[in-house]
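If you're wondering where the values come from, they're calculated on a predicted model, not measured in any experiment.
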Amino acid sequence: MKRYPTALSIAGSDSCGGAGIQADLKTFSAWGVYGMTVITAVTAQNTMSVRAVQAVDPKVLEEQLDAVFSDFTIDAVKTGMLNDRETVRLVIEAVDKYQPEWVVVDPVMVATSGSVLLKEDAMELVVNELLPRATLVTPNIPEAECILGRDIDKSNGEEMAMRLVEEKHLNAVLLKGGHWDGEDSDDLFYVRNGKQPSFFRKKKIETSNTHGTGCTLSAAITAGLALGLDLHEAIAHAEEYIGRAIAAGADVQAGHGHGPVNHLFDPRKLHKITCG
């Protein structure tokens, strides 16, 4: 019997559709992967701000997790906005119980608009318990600085990527360099006990349409893993995808703030990826 390659997003809902659960489902679809969701919180937000956040009741969250894991074979999982300590605890328990092969954690802490999306009392549990269980952690520079407790810039980026993995007991990290100055965006990939980080370099695209780029990149990596790619291959293909998605939406007006990328740009321009 045939089945779809599957991916599960455990994240918050973005009412304007550019980030969170909505961005993840669009990305999974673009990659030909069947997407499922566990919604951790409902947000009232647009391209300019997050107006309100309502966490999903813990019992409902627990039932969502059990419903999808008990019925489907899930090839890869990603987490995004987890909001509070109880949500983080339930996700950790589900990872331990169901043992998914691939877990990508995007440690969402602050929205592009500047709104806080992870409560302070949940941070310690994320860093000490969830991140070490992940196959890959995908922080941007401010998130990595918060996790590590050190300033990070281009001059020490390689060292800090290695420190993140070794000091925080991570399996692998993709340190996203989009916040650094300069024409290039250098993402650093480092695996535990690796010799040195690998660079994924792409030219920055001049646009304000960057809402949901982190969610989209981590979702694309998750989709690649669900399709049978190894971790390095999944990241390489996902980096190409996010670059093209940003470029395809760079000159499009959607909202009045930080607009979304074009998740569903002409699929003929996307390198065809098949299940390995």
Side-chain angles (χ1 to χ4, degrees), residues 9-16 18-24 38-56 61 77-92 95 103-134 136-153 157 160-161 163-165 167-170 172-180 185 187-188 210-219 221-222 242 257-258 260:
S9 172
I10 305 172
S13 169
D14 172 10
S15 53
C16 76
I21 287 290
Q22 288 84 343
D24 293 347
V38 168
I39 299 176
T40 60
V42 176
T43 70
Q45 66 175 293
N46 55 27
T47 61
M48 295 179 288
S49 66
V50 178
R51 299 184 178 188
V53 176
Q54 176 64 60
V56 169
L61 177 63
V77 176
K78 69 149 287 189
T79 70
M81 175 189 175
L82 299 180
N83 189 56
D84 57 30
R85 187 176 179 84
E86 180 66 8
T87 297
V88 176
R89 183 187 65 80
L90 288 170
V91 171
I92 290 170
V95 169
V103 179
V104 177
V105 172
D106 184 15
V108 175
M109 298 175 184
V110 179
T112 303
S113 62
S115 301
V116 175
L117 298 178
L118 181 66
K119 292 181 179 177
E120 189 174 344
D121 66 349
M123 178 67 68
E124 183 179 359
L125 195 59
V126 168
V127 173
N128 294 332
E129 299 293 336
L130 180 60
L131 300 191
R133 287 169 163 82
L136 176 71
V137 181
T138 63
N140 59 30
I141 299 302
E143 290 163 349
E145 289 177 332
C146 187
I147 293 167
L148 196 56
R150 291 182 173 87
D151 291 336
I152 302 174
D153 56 39
M160 292 300 106
R163 281 180 176 269
L164 270 170
V165 171
E167 293 184 11
K168 299 303 177 182
H169 309 290
L170 310 184
V173 67
L174 180 68
L175 179 60
K176 299 177 294 190
H179 286 78
W180 284 329
S185 176
D187 294 350
L188 304 178
T210 56
H211 181 58
T213 50
C215 302
T216 302
L217 177 61
S218 60
I221 295 169
T222 306
I242 189 61
H258 292 280

For the atom pair CD1 (I242) and OG1 (T216), what is the distance rounded to the nearest 0.5 Å?
-> 5.0 Å
Is the shortest heavy-atom distance from the side chain of E145 to the side chain of R150 under 4.5 Å?
-> no
Are S9 and K78 close enough that a side-chain donor and a side-chain acceptor fall under 3.5 Å?
-> no
Going by heavy atoms in the side chains, are T138 and V173 under 4.5 Å from each other?
-> no
Note, L174 side chain near L188 side chain (heavy atom, < 4.5 Å) | no
Is L118 close to V126 at the side-chain level, that is, under 4.5 Å between some pair of heavy atoms?
-> yes
Residue pair V53 / T43, side-chain heavy-atom distance below 4.5 Å | yes
Specify the closest pair of heavy atoms between A19 and C215, including all atoms of both residues, with the distance to one decimal.
-> CB-SG, 4.0 Å
Residue pair Q45 / S13: nearest heavy atoms and the distance that separates them = NE2-O, 4.2 Å
Taking side chain to side chain contact (heavy atoms under 4.5 Å, CB included) as the test, write out the residues that go with A144, two or more places apart.
-> P139, I152, L164, L175
Under the side-chain contact (heavy atoms from CB on, under 4.5 Å) rule, what do L148 and M160 come out as? Steps first, then yes or no, please.
-> CA-CA 8 Å; L148 196 56; M160 292 300 106; 3.6 Å; yes
For atom CD of E124, is the number of surrounding heavy atoms from other residues, nucleotides or ligands below 6.0 Å larger than 12?
-> no
Answer yes or no: is there a side-chain heavy-atom contact under 4.5 Å between C16 and Q22?
-> no
When rounded to the nearest 0.5 angstrom, what is the spacing between OG1 in T79 and CG in D106?
-> 7.0 Å
K168 and L131: side-chain contact (heavy atoms from CB on, under 4.5 Å), yes or no, with the steps?
-> CA-CA 8 Å; K168 299 303 177 182; L131 300 191; 5.8 Å; no
side-chain contact (heavy atoms from CB on, under 4.5 Å) between I10 and V91, intermediate numbers included = CA-CA 8 Å; I10 305 172; V91 171; 3.9 Å; yes
Student check: side-chain heavy atoms of V137 and P107 closer than 4.5 Å = yes
Does any donor atom in the side chain of H169 or N128 lie under 3.5 Å from an acceptor atom in the other side chain?
-> no
What are the two closest non-hydrogen atoms of A219 and D24, and how far apart are they?
-> CB-OD1, 3.4 Å
When rounded to the nearest 0.5 angstrom, what distance separates CD1 in I141 from CG in D153?
-> 9.0 Å
Rounded to the nearest 0.5 Å, how far apart are CG of L170 and CZ of R163?
-> 14.0 Å
Would L125 and I92 satisfy side-chain contact (heavy atoms from CB on, under 4.5 Å), going step by step from the backbone distance to the final call?
-> CA-CA 9 Å; L125 195 59; I92 290 170; 4.0 Å; yes
To the nearest 0.5 angstrom, please state how far the CG atom of N140 sits from the CE atom of M109.
-> 8.5 Å
Taking side chain to side chain contact (heavy atoms under 4.5 Å, CB included) as the test, write out the residues that go with E86, two or more places apart.
-> P58, D84, R89, L90
Value for CG (L82) from CG (L130), rounded to nearest 0.5 Å, stands at 6.5 Å
